[in-house]
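Because the structure is predicted, anything quoted here is derived from the model rather than measured. Counting starts at 1 for both ligands and their atoms, following the listed order.
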Amino acid sequence: MDDRDRSLEVATETGAVSRRDLLAASPVLMLAVLRGEIPAQRVTSGYTMLRPIDPASNPLETYPNRDWEQVYRDLYTPDSTYHWMCGPNDTHGCLLKASVKNGVAVYSDPSFGYGKATDIYGNKASQRWDPRACVSGLAYVRRAYSDRRVKGCYVRAGFRQWIDDGLPREADGQPPLRYRTGRGKEDFDKVTHEEAAALVAKVYTNIATTYSGDEGAELLRAQGQYEEEMIEAMHGAGVQTMKFRGGMPFNAPFRVGGFYRLANMMALLDVAVRGVEPADSVGGRHWDSYSWHTDLPPGHPMVTGQQTLDFDLFTAENAKLITLWGMNWIATKMPDAHWLTEARLHGAKVVTIAPEYQSSSCKADRAIIIRPGSDGALALGLAHVIVNEGLYDEQFVKTQTDLPLLVRSDTKKMLLAKDVLVGYTNAVLTTVELVEPGTKLPPAAEQGHQYAPADLRDEWGDQMVWNLRTGAPAVVTHDDTGDNFPTGVDAALEGEFQVDLVDGTRVTVRPIFDAVKQYLDDTCTPEQISDVTWVPVDAIEELARDIAANPTKTLFVEGMGPNHFFNNDNKDRTIILVAALTNNIGHYGGTVGSYAGNYRLATFSGIGQWIYEDPFDVTLDGSEKAKVNKRLKAESAHYYNYGDRPLKVGNKMFTGKTHMPTPTKSMQFANSNSLLGNAKGAHDVIINTLPKIEMIVHNDWYWTASCEYADVVFGVDSWPERQLPDVFGSVTNPFLHAWPSTPMKRIHREGPRRLHPARVQRQQPHSRLPLRRPPRVIEEGHALLHDDAHQPQDRRLGADQREQAVVHQDRPTRVLPRRGRVHRVRREPSGSPRAGRRDRVRAGRDHGPTAPAARSCPAGAVRPRRERLERGGAAGAQRRTHSASDRRVEPSAAVRRLLARARHAEVPPRMSLDGRLG
Ligand code: SF4
């Protein structure tokens, strides 16, 4: 027995042996016991850890050292928190709370502040609005640091060259093609914000000068790409070729409205270039938002006069039947998805109507898979069942709809009182105020009733119904609806009647309802509709009966999917017909609605002063109202997406003068990648339309495909780092948010603390992005973090902790206990929450664009790679290697083979000088 065994023997006798010593000595002790040198009892008496413990005890109370736990607490304990507004194009708007550690916003949480919100009457919102957030919003704070973050301003090399060469133009006025066709392929120069602004201003001036006046019009004609009506629509102002787009103004009107203000201010340039008086000047053009996105349901204004019908999504609470028409509520209304699922808990029935079994379908009681674009037909099938089975709400139909109004069989027009009653004069209406042309209306927020042009009143007239009580026609004015419907009138819904007119003739008239019924009977039986929609007959009948059984409690929720069809207005008109038949208009829980009304600014009625402030007479006193002088003109972005031309078939021009687009020579936009990066028909836009445009300016904080195809990119604040306050509203929730400024340091402009050697290189004039190789931020012990391109993604439990560990980059030994595996987290997708670790590692360095962009058409995505190969040689490869910085990976043999095939693949059509496909 050696000394250690003897001391252990003593220790076991006293019971003071540690588990570690005991385990280390176990083999020797066992041998001694077996040899009979030590009684077994003496050994086992020392195993105190084998004795049963008191179940009521807490072993951690006596645990000798728990300091290590503080490490993990430190990881998650923020130094500070602040609130920020998540306000992307999804239009929900969620107030979130960021937690800051070492100056870095490391994660976000819901703010849990919605339950504290009160209205102007002091009513409190329900706590059930909390938590209000989605996973995308929670991840945004990490994306602010991602490697695709735009940190500064960038100018495309070819565009910069055009400016440096003195903005040369061909005989037809266009810049030489070589300056215009490098988008998506060329490198970018990093410039200061001021320099980028100066370059953009220079080109704006050049464009306005080039295309103003008769000479400008001649150049546009010589280019052979524009209809004469487009050139005439400019009225000689070159600034009319400049297009601006901000986004949905209700979602942060100062931020978004700034673009429209900029368009209005182009009147200053017009005066400078054309020498016209301010009163004769025009501004630029602003592109629309929602109609371009196809969110708008076109049938809503046709039926109601309102651009869209909307409701707060929580009204699902009040419904008993919720029908989703092309709207995937669960997936696209994330923070309000719970209202739908909770409505089901309250007993509401959910029906999805869509061409696919969508994620809302698995939450639904019934999923109706419909032939794409046949929603209108389905609604007519429902109407057929409701009318023919007598399931409609007769009283509602007679007093609240126009279905009882009489139609003349000879003219197919409404029967007017003046047609029948000698000397009839239209009634004086109390619910509508008639206004003469040129009358200035009060702001929308202050309008308490309807307005109508006075000169329409006579044409409008007063209509008639057939009174079953008197057996004669009766006058029903616009005022006579609902509770105001004349008590002595029982309007007929069916039948044909003879009416004597004041001119002595007799005509047959019938209620609209009767005509609709005939149409339904002739063409919309469930069997006929089943053929068109592919929806089973019994599903049509069952849904119709369900809707009729839930008057005032059936929601018709419309999404944007069906808006993509040319018959889209019919979808809205027929759905509203079904709602009108069943008394499901205008009730909490029983109405028709989209989610698309975020163009509405009535709640922020002062925003007009911001957008349209007179650029020639700016009000500097903040307490004064700004003078409004609207100089800009609106234009739909549809025309740009349609080859920058109006709708003309053969020689027939379908686009009217009021909507005529102008040639697009510049575009500046923000808040939407859809205008360019993921535009519909992206190949056509990129190949055929972009080369006609001389300057594309994009403001963004994330390097999207729109940045890739822009000429100038302005880096801007991401939402978690917004420095300027704003307001935010959305038509799908009741909250008006004050958008806070955040205490976060601007990421997109380098601060002194981010100085590093590469910055010197960046500040060189004309330094190209590829020359900037980011330095290592963390040097010692973290080399693997930068050299792990082939490592698999780490999905193991605990990866998050290691991610957090890197926040403490100044204390690596303490927080990287599993150093050997940390690098494996490195390959997590950029922008994902976990990618934040990598982002933080890179924080403070400049990250330029990396190609290809994540969202683009296949042609765009493959082009930069192909270009890299096409350039060939060490120079091309070297540039691109640097461009991709530390993401660059030498292609494997398989990838090289793939790229070689791509090089010999069919070359996409290229733009010829006349702008046509070649
Ligand atoms: S739902 Fe929209 S606004 Fe709300 S957190 Fe998610 S992304 Fe942000």
Side-chain angles (χ1 to χ4, degrees), residues 81-99 105-115 117 125 128-146 148-149 246-253 255-256 289-290 293 295 310 312-314 316 327-342 359-360 557 559-560 595-598 670-674 678 700-702 704 716-722 725-740 742 744 829 831-833 835-836 854-855:
T81 61
Y82 70 87
H83 283 88
W84 61 281
M85 186 77 205
C86 186
N89 199 48
D90 73 6
T91 75
H92 300 133
C94 300
L95 195 63
L96 304 179
K97 187 174 82 171
S99 293
V106 286
Y107 56 87
S108 265
D109 288 310
S111 61
F112 285 94
Y114 285 91
R128 291 171 59 213
W129 283 97
D130 290 311
R132 185 168 178 79
C134 79
V135 288
S136 306
L138 299 182
Y140 273 134
V141 74
R142 307 304 320 133
R143 295 176 71 191
Y145 300 100
S146 77
R148 302 188 72 84
R149 180 60 204 271
M248 269 54 70
F250 199 25
N251 306 156
R255 175 185 62 145
V256 171
S289 299
Y290 261 14
H293 284 149
D295 294 71
D310 309 293
D312 291 334
L313 295 174
F314 75 86
M327 200 247 218
N328 193 349
W329 186 319
I330 295 291
T332 63
K333 302 288 150 201
M334 302 82 81
D336 294 311
H338 68 101
W339 298 116
L340 185 73
T341 50
E342 287 161 21
S359 47
S360 295
V557 194
M560 72 184 288
Y595 57 89
N598 290 308
N671 208 38
S672 168
N673 190 29
S674 62
N678 57 4
D700 215 328
W701 61 271
Y702 196 72
T704 61
V716 296
D717 290 341
S718 63
W719 299 299
E721 68 180 296
R722 279 277 297 183
D726 208 327
V727 285
F728 187 103
S730 171
V731 295
T732 50
N733 70 65
F735 300 102
L736 294 180
H737 300 80
W739 184 316
T742 73
M744 206 164 151
S832 69
R855 301 183 74 185

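- In this structure D90 satisfies the salt bridge (charged side-chain N to carboxylate O under 4.0 Å, His left out) test with no other residue, sequence neighbours excluded.
- Here T81 pairs with nothing under the side chain to side chain donor-acceptor pair (under 3.5 Å) rule; sequence neighbours left out.
- Taking CG of L313 as the reference point, atom CG of L340 lies at 9.5 Å (rounded to 0.5 Å).
- For ligand 1, the atoms sitting less than 4.0 Å from at least one non-hydrogen atom of Y140 are 7 (S), numbered in the order shown with element in parentheses.
- Listed by chain and number, the protein N, O or S atoms at a distance under 2.8 Å from atom 2 (Fe) of ligand 1 are D90 OD2.
- By the salt bridge (charged side-chain N to carboxylate O under 4.0 Å, His left out) test, D336 is found to be paired with R132, residues two or more places apart in sequence or in another chain being considered.
- Remark: the Y595 side chain and the H92 side chain contain no N/O donor-acceptor pair separated by less than 3.5 Å.
- Using bins of under 30°, 30° to 60° and over 60° for the plane-to-plane angle, the ring pair F728/W739 lands in the tilted bin.
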